[in-house]
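Data block below; observations after.
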Amino acid sequence: MKINLKIWRQEHARVSGAFVHYTVANVQPDLSFLEVLDLLNEQLIAEGGVPVEFDHDCREGICGACGMMVNGQAHGPLQRTAVCQLYMRHFSDGDTVTVEPWRAKAFPVIKDLVVDRSALDRISAAGGYISVKTGAAPDANAVLVAKPDADTAFDYAACIGCGACIAACPNASASLFTAAKISQLALLAQGQPERKSRVVKMTQQMTAEGFGDCSNHGECQSVCPKGISIDAIAQMRREYIRAKLPFG
Amino acid sequence: MISTQSSEADALGTASFTPLSSNKSPELPELPELPESSEWFSTIGKKLLTGITGLGLVIFVVVHLLGNLTLFFSASAYNRLAHIIERLGVLTYLVEGGLLAIALVHIAVGINIHMNKQTARPVKYAQYVSAGQPSRQSLSSRTMIVSGLVLGGFLVMHLATFKFGTYYTLPDGSGRDLSRLVFETFHRPGYTAGYVVVLSLLGLHLRHGIWSALQSLGIATRPGLYAASAVLGSAIALGFIGLPISIYFGLI
Ligand code: FES
């Protein structure tokens with residue numbers, strides 16, 4: 001099939017970008033969307049043009065490197081998948097697909113579809129760690145964690161840091177990313193020493209990076225490739241109240 | 001020799017706020033300066049403020065609605081209620097002052113969150129579509145600032161019309177005949193239509209608002225709560241709208 005692409009091209013952060021239209025012919029339905037971009041880039045290189053820059057690594061939804069808005073949706077129209085897991089069978093012959101980078105003040109465009117997500121690293125560095133020495137894997141049942149807590153913590157730990165939650169948030173808030181880490185560690189024994197300081201520091205860092213405030217639109221949980229629930233955000237707020245209450 | 005262990009022991013024992021130096025990754029760039037932020041003006045503090053003040057206003061609105069509904073029983077019941085409130089004296093002023101403060105905080109934080117949203121995404125998307133369920137994004141959630149500002153403006157007008165409006169005295173001279181003013185006002189088609197529109201916006205505001213306030217306060221978000229927010233929001237709006245409609249069409 002033939003796919004028309006309307007892709008955001010931008011040289012670097014300090015110049016403005018624009019959409020450029022391309023057409024890729026002979027697209028097989030079993031190709032992934034990123035492979036279509038690969039085809040386009042081969043085409044562009046053959047024509048002596050500049051290939052479209054985009055982030056990717058594992059191409060199986062586990063690393064969090066990829067990410068772009070496809071037809072106005074973070075990671076494209078499928079839920080619980082990263083854009084690397086989006087296949088062309090979900091499109092029809094002659095479709096025009098709009099491709100944009102994540103847009104947020106805290107995510108400056110590096111080039112084309114690649115944005116600088118190091119703000120997320122700095123949020124993690126502000127408190128997304130534990131200080132206890134965990135050593136080798138402990139014996140089963142040496143550290144007791146209730147089954148529901150273990151399951152929920154595991155769900156939150158599934159965050160791959162792709163930034164889709166921020167990209168899709170009408171307020172460009174990083175609440176889901178930040179809450180996933182805070183809530184995961186709050187549920188586990190190893191996370192207790194920094195439990196109170198973590199929520200304060202990580203959320204302060206989130207604001208300092210220029211992310212917006214949450215309005216509970218809940219759009220983040222729909223686009224998260226790992227399906228992380230905004231219950232994590234509710235828990236983050238409980239953690240904050242606990243940290244600030246004198247008797248919490 | 002083992003003094004380096006003390007910082008870890010400290011962190012374990014007292015949940016010290018100082019991060020261990022070993023956790024600083026050298027390859028990460030300098031952290032930007034943190035803004036001076038108190039508990040209440042931090043990003044979560046603002047959510048707690050809007051949530052608490054919002055729920056406070058919901059309680060007020062429900063009590064107000066119950067008061068309005070007395071007019072369905074009789075004009076004298078309604079007037080008697082108005083007299084009781086008037087006679088509370090200082091207590092009335094305290095409650096009014098408190099409500100004004102709550103409303104102002106709610107408005108200020110709402111505007112601040114809205115303005116932050118503009119700065120957090122300076123370049124808008126050319127195309128943007130909600131991903132659908134389980135997203136809670138709705139017409140209601142997207143228009144909170146509009147419905148909120150209209151309600152704020154309405155509040156001023158509403159107080160001018162009723163609280164500070166024409167003071168009719170009861171024929172027996174025993175106090176204010178507030179119900180007469182209500183009936184007169186809701187016989188004006190323009191005012192009645194405007195009232196119905198604004199109170200529908202209240203329903204729209206509460207559809208997202210009630211659920212959102214509970215989520216902001218960290219109360220577990222079961223699907224039931226989201227649905228309950230819609231039911232309660234519409235019930236409140238319909239309750240308010242019922243009275244002027246009934247008066248306008250001469251049903252009471
Ligand atoms: S490339 Fe690794 S998640 Fe998509």
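Quick caveat, the model's predicted, so the values are computed rather than measured. Lettering follows sequence order; numbering is per chain, from 1. The basis for the numbers below is simple: all heavy atoms, side chains too, and nothing from hydrogens, waters or symmetry mates.
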Between A:F33 and A:H90, is the gap from one ring center to the other below 6.0 Å?
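No: the rings miss the under 6.0 Å criterion.
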
Keeping A:T178 on the side-chain end and A:S175 on the backbone end, is there a donor-acceptor pair under 3.5 Å?
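Such a contact is absent between A:T178 side chain and A:S175 backbone.
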
Quick check on [X] against chain A: is it the side chain, the backbone, both or neither that has a heavy atom closer than 4.5 Å?
X: B:L217; result: backbone
X: B:S140; result: neither
X: B:Q133; result: backbone
X: B:H114; result: neither

Min side-chain heavy-atom separation [X]-[Y] under 4.5 Å:
X: A:Y156; Y: A:D231; answer: yes
X: A:L37; Y: A:L5; answer: yes
X: A:R9; Y: A:I7; answer: yes

Tell me which of these, B:Q127, B:K47, B:K117, B:H208, has more heavy-atom pairs under 4.5 Å with chain A than the rest.
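If we count pairs closer than 4.5 Å to chain A, B:Q127 comes out on top.
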
What option among B:Q118, B:M144, B:K124 has the most heavy-atom pairs under 4.5 Å with chain A?
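Greatest number of close heavy-atom pairs with chain A: B:K124.
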
For [X], which atoms come within 4.5 Å of any heavy atom of chain B: side chain, backbone, both, or neither?
X: A:P77; answer: neither
X: A:E219; answer: both
X: A:A74; answer: neither
X: A:M236; answer: both
X: A:Q79; answer: side chain

Using a strict cut-off of less than 4.0 Å between a Lys/Arg side-chain nitrogen and an Asp/Glu carboxylate oxygen, indicate whether A:E239 and A:K244 qualify as a salt bridge.
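Salt bridge between A:E239 and A:K244, a charged N being under 4.0 Å from a carboxylate O: no.
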
Smallest separation among heavy atoms of B:Q215 and A:I230, with atom names
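Residues B:Q215 and A:I230, closest heavy atoms: NE2-O, 3.0 Å.
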
Chain B interface, residue from A:Q73, A:K105, A:R103 that has the most non-hydrogen pairs under 4.5 Å:
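Counting heavy-atom pairs under 4.5 Å, the top option is A:R103.
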
Hey, which of A:M69, A:K6, A:R237 has the most heavy atom pairs under 4.5 Å with chain B?
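Result: the option with the highest number of such pairs is A:R237.
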
Does A:R117 make a cation-pi contact with A:F107 (under 6.0 Å, within 45 degrees of the axis)?
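The answer is no, since A:R117 fails at least one limit relative to A:F107.
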
Do B:R121's NZ or CZ and the ring of A:F211 fall within the cation-pi criteria of under 6.0 Å and 45°?
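No cation-pi geometry.
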
